[in-house]
Amino acid sequence: EASGELAAAFMKDKAQLDKARKAKKAAAKAKLEERRKKMKDKHKKQLLDAGAPEQVVEKQAKELDDLAALEDKQLQQQEAVMKKKEAAALAKAEKEAKEKMDAAADEETRAAVTAQYQKDVAAQKAKHAAGRKAQRSKLNERLAKRKAAMANKHKQELEEKAPQAAVVA
């Protein structure tokens, strides 16, 4: 019964931590959106003040918004895949540890199984963190190339339509 109470307390703490983590993530996302909006508005104003046609400015702003939305979507998809892989690996390790615990004859063996399980979990988490970092890096490189191509396209477009505004781009 004590282990049941311990498990319930652990799950309660985990739920509270998950809730706090989600709230932090939502706040950070809102802050990022606000910062992006301010930067977009400032850039639009600079282009308009430099003499760029409004329809060109609006088109470019929409393209930048679409690029940011795509970036967010790809990041979320990547994160979901990585979480799923990590959860599957941890569930497998937990299952194996539970089977070994059930087969263990004495407390000493159970303690050894528990210690090994904790080492395995730590190793899995480190492995997945490194994988997540590498995947994130690759995604950031692809997104940076897209952004650079978009910036170049916008600059060329402005040079054609409003050369004086191309300096701002």
Side-chain angles (χ1 to χ4, degrees), residues 1-48 57-101 110-111 113-155 168-169:
E1 189 174 303
S3 66
E5 290 174 9
L6 225 84
F10 173 76
M11 294 307 280
K12 181 181 175 189
D13 288 347
K14 184 180 181 312
Q16 288 175 340
L17 287 173
D18 287 345
K19 185 178 179 182
R21 191 176 297 124
K22 283 182 182 179
K24 261 187 175 177
K25 203 174 219 180
K29 188 173 181 176
K31 190 175 180 180
L32 176 63
E33 289 298 321
E34 182 64 29
R35 196 172 84 218
R36 280 183 179 166
K37 184 180 179 334
K38 284 181 183 178
M39 287 173 46
K40 181 178 91 171
D41 291 345
K42 179 181 174 187
H43 187 66
K44 282 171 63 174
K45 184 180 180 324
Q46 288 174 336
L47 288 174
L48 290 171
V57 172
E58 290 299 326
K59 178 181 165 265
Q60 289 184 358
K62 183 180 180 337
E63 288 175 351
L64 290 173
D65 287 343
D66 292 347
L67 184 64
L70 177 67
E71 182 179 318
D72 288 343
K73 181 181 175 185
Q74 288 182 340
L75 188 60
Q76 288 172 358
Q77 287 174 339
Q78 185 181 68
E79 193 65 29
V81 168
M82 294 301 288
K83 277 185 180 181
K84 191 175 181 180
K85 284 182 181 178
E86 186 174 359
L90 292 176
K92 181 181 175 190
E94 184 178 350
K95 181 182 174 192
E96 290 172 358
K98 188 173 185 348
E99 289 171 358
K100 289 178 183 177
M101 288 290 270
R110 286 188 183 108
V113 168
T114 301
Q116 185 60 45
Y117 169 71
Q118 290 172 342
K119 284 181 187 176
D120 290 348
V121 166
Q124 286 284 346
K125 287 189 177 194
K127 176 184 167 191
H128 286 285
R132 183 175 280 136
K133 185 176 180 180
Q135 290 290 329
R136 182 76 183 262
S137 180
K138 287 179 186 177
L139 178 62
N140 284 340
E141 286 175 19
R142 287 194 311 267
L143 294 172
K145 286 179 184 177
R146 267 193 212 133
K147 282 183 181 179
M150 180 78 66
N152 190 34
K153 175 186 164 202
H154 286 174
K155 186 169 185 167
V168 177

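Residue indices begin at 1 and follow the sequence shown.
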Side-chain donor/acceptor of Thr114 to backbone N/O of Arg110, under 3.5 Å:
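Yes; at least one donor-acceptor contact below 3.5 Å.
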
**Report entry** Trace of the side chain to side chain contact (heavy atoms under 4.5 Å, CB included) decision for Glu58 with Lys62
**Finding:** CA-CA 6 Å; Glu58 290 299 326; Lys62 183 180 180 337; over 6 Å; no

- Query: Does atom CE of Met101 have more than 12 heavy-atom neighbours, drawn from other residues, nucleotides or ligands, at distances under 6.0 Å?
  - Reply: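 It does: Met101 CE has more than 12 such atoms within range.
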
Given side chain to side chain contact (heavy atoms under 4.5 Å, CB included), test Lys125 with Leu90 step by step and report yes or no.
-> CA-CA 8 Å; Lys125 287 189 177 194; Leu90 292 176; 4.1 Å; yes

Closest approach of Tyr117 and Ala97, non-hydrogen atoms and distance?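 Here Tyr117 and Ala97 meet closest at CD1-CB, 3.5 Å.
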
task: Write down the atom of Ala89, the atom of His128, and the distance for their closest heavy-atom approach.
output: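 Distance-wise, the nearest heavy atoms are CB-NE2, 3.6 Å.
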
Could you state the interatomic distance from [atom1] ([X]) to [atom2] ([Y]), rounded to the nearest 0.5 Å?
| X | Y | atom1 | atom2 | answer |
| --- | --- | --- | --- | --- |
| Leu64 | Met39 | CG | CE | 9.5 Å |
| Leu17 | Lys24 | CG | NZ | 10.0 Å |
| Asn152 | Lys155 | CG | NZ | 8.0 Å |

Quick one: side-chain contact (heavy atoms from CB on, under 4.5 Å) partners of [X], sequence neighbours excluded?
| X | answer |
| --- | --- |
| Lys45 | Asp49 |
| Asp72 | Glu33, Arg36 |
| Asp13 | Gln16 |
| Leu139 | Gln74, Leu75, Gln78, Arg142, Leu143 |

_If the condition is salt bridge (charged side-chain N to carboxylate O under 4.0 Å, His left out), which residues does Lys127 pass it with, not counting sequence neighbours?_
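So Lys127 forms no salt bridge (charged side-chain N to carboxylate O under 4.0 Å, His left out) with any residue.
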
**OP:** Take Asp120 and Glu96 through the test side chain to side chain contact (heavy atoms under 4.5 Å, CB included) and record every step on the way to the result.
**Re:** CA-CA 11 Å; Asp120 290 348; Glu96 290 172 358; 5.7 Å; no

Exercise. Would you say the side-chain atoms of His43 and Gln60 include a donor-acceptor pair closer than 3.5 Å?
Worked result: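 Looking only at side-chain atoms, Gln60 and His43 do not form any donor-acceptor pair under 3.5 Å.
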
Salt bridge (charged side-chain N to carboxylate O under 4.0 Å, His left out) evaluation trace for Lys14 with Asp18
CA-CA 6 Å; Lys14 184 180 181 312; Asp18 287 345; 3.2 Å; yes

For a side-chain contact (heavy atoms from CB on, under 4.5 Å) with Lys42, tell me which candidate from Lys38, Gln46, Lys44 qualifies.
->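 Among Lys38, Gln46, Lys44, the one that satisfies the side-chain contact (heavy atoms from CB on, under 4.5 Å) with Lys42 is Gln46.
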
Please evaluate residues Arg136 and Glu79 with respect to the criterion salt bridge (charged side-chain N to carboxylate O under 4.0 Å, His left out), reporting the C-alpha separation (whole Å), side-chain torsions for both, the decisive distance (0.1 Å), and the verdict. CA-CA 9 Å; Arg136 182 76 183 262; Glu79 193 65 29; 5.3 Å; no

### Query
Applying the salt bridge (charged side-chain N to carboxylate O under 4.0 Å, His left out) test to Glu63, which of Lys153, Lys40, Arg146 qualifies?
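Testing Glu63 for a salt bridge (charged side-chain N to carboxylate O under 4.0 Å, His left out) against Lys153, Lys40, Arg146 leaves exactly one candidate, Lys153.
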
key: Pairs involving residues 85-95, ordered by first then second residue, that meet salt bridge (Lys or Arg N to Asp or Glu O under 4.0 Å) (sequence neighbours left out)   =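 Qualifying pairs, neighbours excluded: Glu86-Arg132.
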
